[in-house]
There are 2 protein chains.
Amino acid sequence: MPTVRGVDERKVPTIYDVAAACGVAPSTVSRAFSRPGRVNAETAARIRQVAEEMGYRANPLARALPTGKTSLLALVVSDVTNPFYFEIIRGAELAATEADYTLLVADVHESATVERKALERALPLVEGVVLGTSRMSDSAIRVMAQQRPTVVLNRVLTGIPSVITDNARGARRAVEHLASLEHRTIGYLAGPEASWADGMRWRAMREAAEMLDLRVQRFGPFAPTLAGGAEAVPLVVASNVTAVVAYNDLVAIGLMRGLAAADVRVPRDVSVVGFDNIFGAEICSPALTTVAAPLTALGKYAVQTLLAGMSSRTPPQTRPALLPAELIIRDSTARRARRRRS
Amino acid sequence: MPTVRGVDERKVPTIYDVAAACGVAPSTVSRAFSRPGRVNAETAARIRQVAEEMGYRANPLARALPTGKTSLLALVVSDVTNPFYFEIIRGAELAATEADYTLLVADVHESATVERKALERALPLVEGVVLGTSRMSDSAIRVMAQQRPTVVLNRVLTGIPSVITDNARGARRAVEHLASLEHRTIGYLAGPEASWADGMRWRAMREAAEMLDLRVQRFGPFAPTLAGGAEAVPLVVASNVTAVVAYNDLVAIGLMRGLAAADVRVPRDVSVVGFDNIFGAEICSPALTTVAAPLTALGKYAVQTLLAGMSSRTPPQTRPALLPAELIIRDSTARRARRRRS
DNA sequence: GTGAAAGCGCTAACAT
DNA sequence: ATGTTAGCGCTTTCAC
C-alpha cells in the first residue's frame, strides 16, 4: 500500500542512523561535529561524509534541550509598522546571522501588556533579548534581565547594557542650525510621556537654546505618529514660533501635512525638523531636515553587545554605548521670514 | 557563600517540582494541563493552583521535542526594509498570536541563497512557513513544501496554497482611470524579471488597454526600488507616454522624484500610478495614486490559511485565495494635457 | 482516575 | 580515541 498521507513524510535521519551507518557509537557522531579535535581525524571525516550523504541535520530542538543553546535571539519592537524599526531590524538580523543566530522579532503594538506576554512566550526559547523602545517599567525590565541576557535600545537603565543614539548632540545641532537661520523662538513637539528619548531631546534642546539665547516652547505630548503631528497644527499656528523641532519624523511629517492643509507653508512660514531619518523623511514634501539616527548600526551593535555579554564570563559592560547622530539638512528648514500673522 | 554568578540563577520549576509539591505523579500534572478532562476535577484544580503559585511554566523546548509542536511559524520576506512588508508582518503576527503561535521573521535580502540558508536554519524549528515574495524557484519551493506546510504570498504555484492580491483587477482599474482622464498612450515600468506579480500586472494592463483602445509601452525591467524608478526617468521623458504605471510604489516614487529633478511636472506633464499603497505613498508629493494591496489582510490570511492546512487531516485547499485590490486616487494622476515636448 | 515507564534526539560525564 | 550511560523536561502508551 502506498502511504496514506498525500505527501511522503520522509523520516529525517537522526544521529543514531548516522552512527549505525558508520559502525560507531552515537556519541562519536556527536563529537565529530561538536568537538572534532577529540576524535580520530579519519573517522571524523568518514562520519561527516556519511552524514552529508544521508542528509543528516542535527535537530536543533534536541540539541537545545540539554544545553540550553537554542541559537535564537529575540528583538522586541514596540511597533513593526513604524519605519523607525526597519533598519534596526535589518541591522540586528545581520549581526545575528553573522554569529549563527536566528532573530525572533516580536511586535508588541505599543502595549506593555502585549510586551509582557510576548516576552513570556519568547523568553524560554531565546538565549538573549534586545528590547527596542520598551514600554515596560524599569523594574519590569530588570526582572526579565535576570532571566536572560538583555540589552536595551534607546533607553538607559543602570546595570543593564544599552545602546542609544547621541540625541543630545543631535538636538544641539538642530538648534544651532535653526539659530543660524535666524530663528529666535522655536517650538518642540513632545512625544509620549513614557519615552526616555523624549526627555533627552527636550532637555538638550532647552540647554542649547539657552546657550544661544533662543526661546523654546514645548507643546504636547503627542502620539509619535502622523496623527500626533497633525494634532499639533493649531497649537503651532496659534503660537509665535518660527521653527519647530518634532519628537520624531512621523510627527514632523504629520505636522507638515497638517500645516499644508492649513495653508501654512514650510519652510517659508515655519521651518520643521524631525528626528531619526526614517524612510519617508526624504520622500515627503518638502524633504525633511532631520537628526538622523544610525539605525542599522543601532540594531547591529545591540546584538553584538548582547552576544558579547552572553559569551563572556564577566558581567557585561553596562555603560551605555552612544552612537553618533547626524543632522541632515534638507528642504524643510530655511531662513526665518516675517510671520504671516501677528 | 553567596552565588558566584553575578545574577541569581533561580531555577525554573519543572513538572517534577509541581508533582512533588502536589503529591501526584508527573504524568498527572502533564495531564492536568493538556487533557483536563481525563483527570479528577479537584486534583486538576489543585495542581493548577500550586503550579501557579510556584510560577511554573512548561518548557516549550521540552514539550516540542516529543511532540514536534514548537508553536513557531516562519514568515520569510525578501527584504524587511521594504515598506511593502510592514503591514504584512503585522497582519501575520496578529493571526499567529491569536492562534498562540510565535512568528519568526526571516529577512533574506533579496537573495535566493540567503533564503535557502535561512530556511534551512528555521525549518526544523517551525511548524509551518509562509513565503512572502520568495526568490526561490518553483521546484525549490515545492521541495521545501513537503518538509513543512507552506503557503506562498504573491505567487501562484499549483499544488501549494497561496494568497495573492487581485492585481489583475487592480491593473484594469488603473488603466480605466487613466483612460477616463483621456490618456491615450501609457507606459509600464516593469519590475524584476523573476517577479510573478510583474507578469500579472503587465498582462492585465495590456489586456485592459486593448479593450479600451489605448496604447501601452513597456520599459525596464527595473529594480523594485526608488533607484529603479529614477533610472526610468530618461526613458519616460524620451517616450511619448502621458501616463505611467509603475511596478510598485517605490518605483513610482523614485520616478516622480527623478521627474521633478528633470523639471517634468506630475501630474501636469505626466500622470503616475503605483502598486501596493505602502507607507510613503500618501506622504510623498504629489500624493501617489495607487492600486492598494490589502497588506494586513494578506499577512493575516496567509497565516490563517497555513494554520488551517496544518490542523486539517485533508490536503489543503490549493486554489489561490484572491484578495481584492482597490484603486486609491490621489494627486499624481490628472487629465491629460498637451505634452511639453514633441 | 492515576502511576510507572519508555522515549523524543542530543550532549556530557564517566568508563574503557 | 571510542563506547556506555544517564539525563534535559515533557508526553504518551500501558497497566493498575
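Just the heavy atoms: all of them, side chains too, but no hydrogens, waters or symmetry mates, feed the values below. Reminder, nothing fancy here: chain letters follow the sequence lines and each chain counts from 1.
- With respect to A/Arg148 and A/Glu127, no salt bridge is recorded, no charged nitrogen being found less than 4.0 Å from a carboxylate O.
- Considering every non-hydrogen atom in both A/Thr150 and A/Ala145, the closest pair reads OG1-CA, 3.4 Å.
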Exercise. Step by step, would you call A/Tyr101 with A/Thr70 a side-chain hydrogen bond (donor to acceptor under 3.5 Å, both in side chains)?
Worked result: CA-CA 8 Å; A/Tyr101 274 79; A/Thr70 58; over 6 Å; no

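- In this structure, B/Arg142 places its CZ atom where more than 12 heavy-atom neighbours from other residues, nucleotides or ligands lie under 6.0 Å away.
- Environment of CZ in A/Arg48: crowded, with over 12 heavy atoms of neighbouring residues, nucleotides or ligands closer than 6.0 Å.
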Problem set entry | B/S/- contact track for nucleotides 2-12 of chain D, protein heavy atom under 4.0 Å | BBB--BBBBBB

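- In this structure, the side chains of B/Leu157 and B/Asp138 come closer than 4.5 Å at one or more pairs of heavy atoms.
- Salt-bridge formation is not detected for the pair B/Glu98/B/Lys300: no Lys NZ or Arg NE/NH1/NH2 atom is positioned less than 4.0 Å from an Asp or Glu carboxylate oxygen.
- Rotation axes derived from the C1' atoms of the five outermost pairs at either end of the helix from C/dG1-D/dC16 to C/dT16-D/dA1 lie 40° apart, to the nearest 10°.
- The interatomic distance linking B/Lys69 (NZ) with C/dG9 (C1') rounds to 20 Å, in whole Å.
- Defined by atom type and a distance below 3.5 Å, a donor-acceptor pair is missing between the side-chain atoms of B/Tyr56 and B/Thr14.
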